[in-house]
Each structure stands twice: as structure tokens, then as C-alpha cells.
Amino acid sequence: MHNINYIRENPVEFDNFMKTRGENPIANKIIEIDKVKRETQTVLQNLLAERNQISKSIGQLKSQKKDATEEMEKVEDIKNKVNTLKELETLKDDELKSILSRLPNIPDSSTPIGTDESENVFYRDWGDKPSFNFNPKLHFEIGENANSMNFETASKLSGSRFVILKGQLSKLERALANFMIDKHTSVNGYVEMHVPYLVKEGTLYGTGQLPKFADDLFTAGEYHWLIPTAEIPLTALHSNEILNTNQLPIRVTSYTPCFRSEAGAAGKDTRGMLRQHQFTKVELVSLVEPEQSKDELERMLSCAEGILQDLDLHYRVMTLCTGDMGFNANKTYDIEVWLPGEDKYREISSCSNCGDFQARRMNTRYKDNDKNVHIHTLNGSGLAVGRTLIAVLENYQMSDGNVQIPTVLKKYFDNQDTLF
RNA sequence: GGAGAGGUGGCUGAGUGGUCGAAAGCGUCGGAUUGCUAAUCCGAUGUACGAGUCAAUUGUACCGAGAGUUCGAAUCUCUUCCUCUCCUCCA
């Protein structure tokens, strides 16, 4: 959510920012609505002040058993005006909120300007592409050949975009998640949280998924939505709270399933488990003071990268351009892991600084020298477990169809060398 | 799922139509004092929005949320959400 004062004072700049994010100019419209709203408010409040005063004197007159008919007639007149003005104020306020809640965050000055993913900018990379003396297979070929990855049965149970992992692959998924959580909690300073997977509408509004992206989400019953990422419950932990400075920074992590309708992805990545309605992810969330958020984004990125380094998986980091960046973010780094079977880099983590955008929506502040200031929120995948499993399979595959177990995961497999 | 109770400021908790933005206590902050990791005393202490020479100041709203009754609502009515207790069920 945007600061209306900022838009009021910098309408042209605001429109320019919105343009880089694919939005049409709207500042003037916002300011006009805001102006009417405030003018209405002023008149309304004056009338209410008058009413309160007269009402008070009515009380006094009555307690003295005097006649108050005259005063009561005056108030009657005010009442009618008040009702009309109240309606107008509510109308304008709703209009304003409806517009503001659907506008994306303002990009950070270091975010490259561009229209789509082709204009994302290379930031850095790590490691090298592995070489194979055979033709590397795709992850689902490896999984299906080992009889441990089953899409047909999953589809029988739940439809398309689901998978069943069996035996060693199921264990690999669990091992990866454990490894990630262990590292983030013991080395990187995050506190592990176990959180609800179903949340209320207001929670999703606070983090920015609603009202605009309802189609991307699954609902559960009348009042609940399935979380598309643990970012939702973790970021909203302190909604409607005023934190003390000494509570910050808050760094939390959670291993959860994520549920996404993938409404806009029809026909995309249909084969394999790259794009599922349900997948698991270890999420990192930081709540920090505004001055800290830029450093925190770098820190978070490094924490996520550390997992891939430990797994010895080659990747590159891209800075997303304004047109490709998500709704909430002012800056985002994507980590793309190398998948030899696909012969492509694929997103495995996305680390974003949301500035005060979410904090405004969910009203999370902290006391800074007696002033209440919105905190900054950041989130990042550390990492998407399903996609990490894909990366391990494709990068560690051997010519005989077996898969080596990365060194750091061996302890989860009784020190076995290979998966199957 | 059945029955009941309740939602008030950072916390505990009083308040059943006007003098209530709200007692009291605790906590926190500032000050005074006492020769000592504390006690006592005094004072301050919500949020949002509006008006303003955006400073002093000032107005409005907020007692879970929304609607209503009334000249006037924390207090009455309705709706709704949430919490708790007991029973039932259950990992």
C-alpha cells in the first residue's frame, strides 16, 4: 500500500514509477479523490463538533429540567447534513483504497528498468556447469525410471500438476528440507516456526496477494485460503502491532507446503514436477528497521545461495527488472539453478525487499524515538524444495540411472553414496 | 457438532444512556529524594485522520468488527468475527 502523502507531494514521480511497472498514470485521479475526501471530512467534522456541543447542552438543560426543544431542532438539521457527508466520505475512501490496494510497489533505485524477464540483469554466479559423458536426462525421466516419481497416480487422485514421490525420492525431499532448515536455524540466525497453512482473507490482504491475485490462490471452505507460500503467515506474524526497537531484526523460517492454482500458467511446464499445485518450500522472512532492509536483502540472498553452494549446484543470480518483479517488491533477486537435463537455468529462489509496502497494509510498526514507523519486510525462498530435488537429480545423475547423494545430505541417508 | 461465558488503553481490570478517551492497579518514561543492584514521592504516558504560519494549538473518530435506535452510545438492539469453559468427537 502506498503512502498517500508521498503521492500527493510527488505525483509525476509516482506515475513514472508506475509506468516502469506497467501501470497507467493515475496520480491525478488519486489526488482528486483524496482532495474531495478531505474537504468532505473537514466539513463533516465541523458539523459533528457542533452537534456534540449542542447535544451536551441538551443534557445540561434536561438535567436542570429546562426546555430543550430549540436545541433539539437545531441538531435535527445537522443530522441530515451529516448523513449525506458521511456517505460521500465513505464512498471516496473506498474508491481510494480500491485503487491504492491494487498498485504495485515502487521499485528501488537499483532495480533495473525493463518490461519483461528478458531485461533482467545478471548479478553474479557460482560454480560451473557439470559435464557428462552421456546425455543427461530430465528429472522426471530419472525419477520415473527409478519407479519413484509417479504423475499418473497423482493425477488419478488429484488431477494435473501433482506428483507422488516414493521411497528414496520422498526421503530426499525430506532430507533437503531438513538440511535447509538446519542450516538456516543453526548458522544463519533464523528461528524456525511452524505456522498455519490456512489463513484468513485479511492476512492475504496484508501481504498483498489480495485483492488483486485471488485467482492464483486456492480456497478452503468459506473463510480460509491455502497459503501460496509461508511468506504469508510469517510476514503477518506481527500485523497490527507496534514493536520495540530491541525486537528487531526478526528473522524467521518455516518449512511448509505451498498451494498455487497456477491459473495463468496453462500449458506451461506441464511435464514433470517443476510447476505443481502443491510443493514444499523453506521460506525465509525478515522484519527489519527501514535503514537495514537493503543490507538484509543481500544477507538473505547469501543465506539462500549458501544452500546451493553446500549442495555444490551451479547457479546464477539475476536482478529482476521493474516489469518482471512481483507486486510487493521494490527489489528482487532470483536465483536460477542450472538444470543439465533441461539445459537451462531455472528459478529456485526469489529474494525480495518489500520495503514498507506490506507493513503499511498489515499495519506493522515499531517505536523509533517515540515515533511509530512502519517496518520493512523481506522474504526469500531458502529454497524451493521440489525444485532443489529436481536440481539434485539432474546434476548428480549417473549413466546407469542412479544418482549420487550430495556430501552434505549423506548423513540423512546412513552415509550411502547413491540414492537407489 | 451441543451448552454456556466473554471481547475495554502495553497488561490486569472498573464502568449499563450525557460530566467517559474512559476509574484503579501494574508496567514504561522523566524528575525529586535516600550513602548504595532497591524503596518512597511528584509528573507524564494510546492510535488514526483532518484543520493549522504544518509550529503552538485544535477538531473528529476509535472500548473486537459492521449496521441500527437516540438530540446524545463503551453502555440499548441486530448482524458478524474471535476467544474461553464444559460436553461430544478426534490425531
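Every heavy atom of this structure was used, including side-chain atoms; hydrogens, water molecules and symmetry mates were not. Throughout, a chain's letter reflects where its sequence line sits, starting with A, and its residues are numbered from 1.
One P atom belongs to B/rC26, the other to B/rA44, and the distance between them is 16 Å to the nearest Å. Look at the C1' atom in both B/rA38 and B/rU33: the space between them is 14 Å, to the nearest Å. Spacing of P atoms, B/rG59 relative to B/rG52, comes out at 15 Å, to the nearest Å. For the C1' atoms, the distance from B/rU88 to B/rC11 is 35 Å, rounded to whole Å. Here the separation of B/rG18 from B/rG25, taken at their C1' atoms, is 28 Å to the nearest Å. B/rG15 sits 11 Å from B/rA24 when the C1' atoms are compared, rounded to a whole Å. Rounded to whole Å, the separation between the C1' atoms of B/rU45 and B/rA51 comes to 26 Å. Rounded to the nearest Å, the gap between the C1' atom of B/rU19 and that of B/rG31 is 32 Å.
Under the Watson-Crick or G-U wobble criterion, with both distances below 3.5 Å, B/rG10 is paired with B/rC26. With a cut-off of 3.5 Å on both pairing distances, B/rG21 has no Watson-Crick or G-U wobble partner at all. In this entry B/rU60 has B/rA48 as its Watson-Crick or G-U wobble partner, both defining distances falling under 3.5 Å. In this structure, B/rU53 makes no Watson-Crick or G-U wobble pair, since no nucleotide meets both defining distances under 3.5 angstrom. Using N1 to N3 plus N6-O4 or O6-N4 for Watson-Crick, or N1-O2 and O6-N3 for G-U wobble, each under 3.5 Å, B/rG35 pairs with nothing. Nucleotide B/rU85 forms a Watson-Crick or G-U wobble pair with B/rA3, both donor-acceptor distances falling under 3.5 Å.
The side chain of A/Ala49 has B/rG59 as its nearest neighbour among B/rG59, B/rG50, B/rU47. You'll find that the side chain of A/Gln41 is closest to B/rG50, out of B/rU47, B/rG50, B/rA61.
The side-chain heavy atoms of A/Ile33 and A/Ile99, taken from C-beta on, include a pair separated by under 4.5 Å. Side-chain contact between A/Leu157 and A/Ile164 is present, with at least one heavy-atom pair separated by less than 4.5 Å. The shortest distance between side-chain heavy atoms of A/Val285 and A/Thr377 does not fall below 4.5 Å.
From A/Arg21, atom CZ reaches atom CG of A/Leu103 across 10.5 Å, with rounding to the nearest 0.5 Å. How far OG1 of A/Thr418 is from NZ of A/Lys410: 9.0 Å, rounded to the nearest 0.5 Å.
Proximity of A/Arg38 to the phosphate of B/rA51: a side-chain N or O atom is located under 4.0 Å from OP1 or OP2. Taking side-chain N and O atoms only, A/Lys367 has a distance below 4.0 Å to OP1 or OP2 of B/rU47. An OP1 or OP2 oxygen of B/rG46 is reached within less than 4.0 angstrom by no side-chain nitrogen or oxygen of A/Arg365. For B/rA51, neither phosphate oxygen OP1 nor OP2 lies less than 4.0 angstrom from any side-chain nitrogen or oxygen of A/Asn46.
Atom NZ of A/Lys37 is separated from atom C1' of B/rC49 by 7 Å (rounded to the nearest Å).
Mapped onto RNA chain B by nearest heavy atom, A/Asn5 and A/His224 fall at different nucleotides, with A/Asn5 at the one closer to the 5' end. Sequence order on RNA chain B of the closest nucleotides to A/Leu44 and A/Ile4 puts A/Ile4 first from the 5' end.
When heavy atoms are screened at a 4.0 angstrom cut-off, A/Arg8 is found touching the sugar-phosphate backbone but no base atom.
Judged as a side chain to side chain contact (heavy atoms under 4.5 Å, CB included), and not counting sequence neighbours, the contacts of A/Gln276 are A/Phe151, A/Val163, A/Met273.
In this structure, A/His2 has its ring center closer than 6.0 angstrom to the ring center of A/Phe357.
Between the side chains of A/Tyr366 and A/Gln247, no donor N or O sits under 3.5 Å from an acceptor N or O.
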Please write out each protein N/O paired with an N/O of nucleotides 71-74 of chain B under 3.5 Å, distance rounded to 0.1 Å.
from	atom 1	to	atom 2	distance (Å)
B/rC71	O2'	A/Ser55	OG	3.0
B/rG72	O4'	A/Ser55	OG	3.4

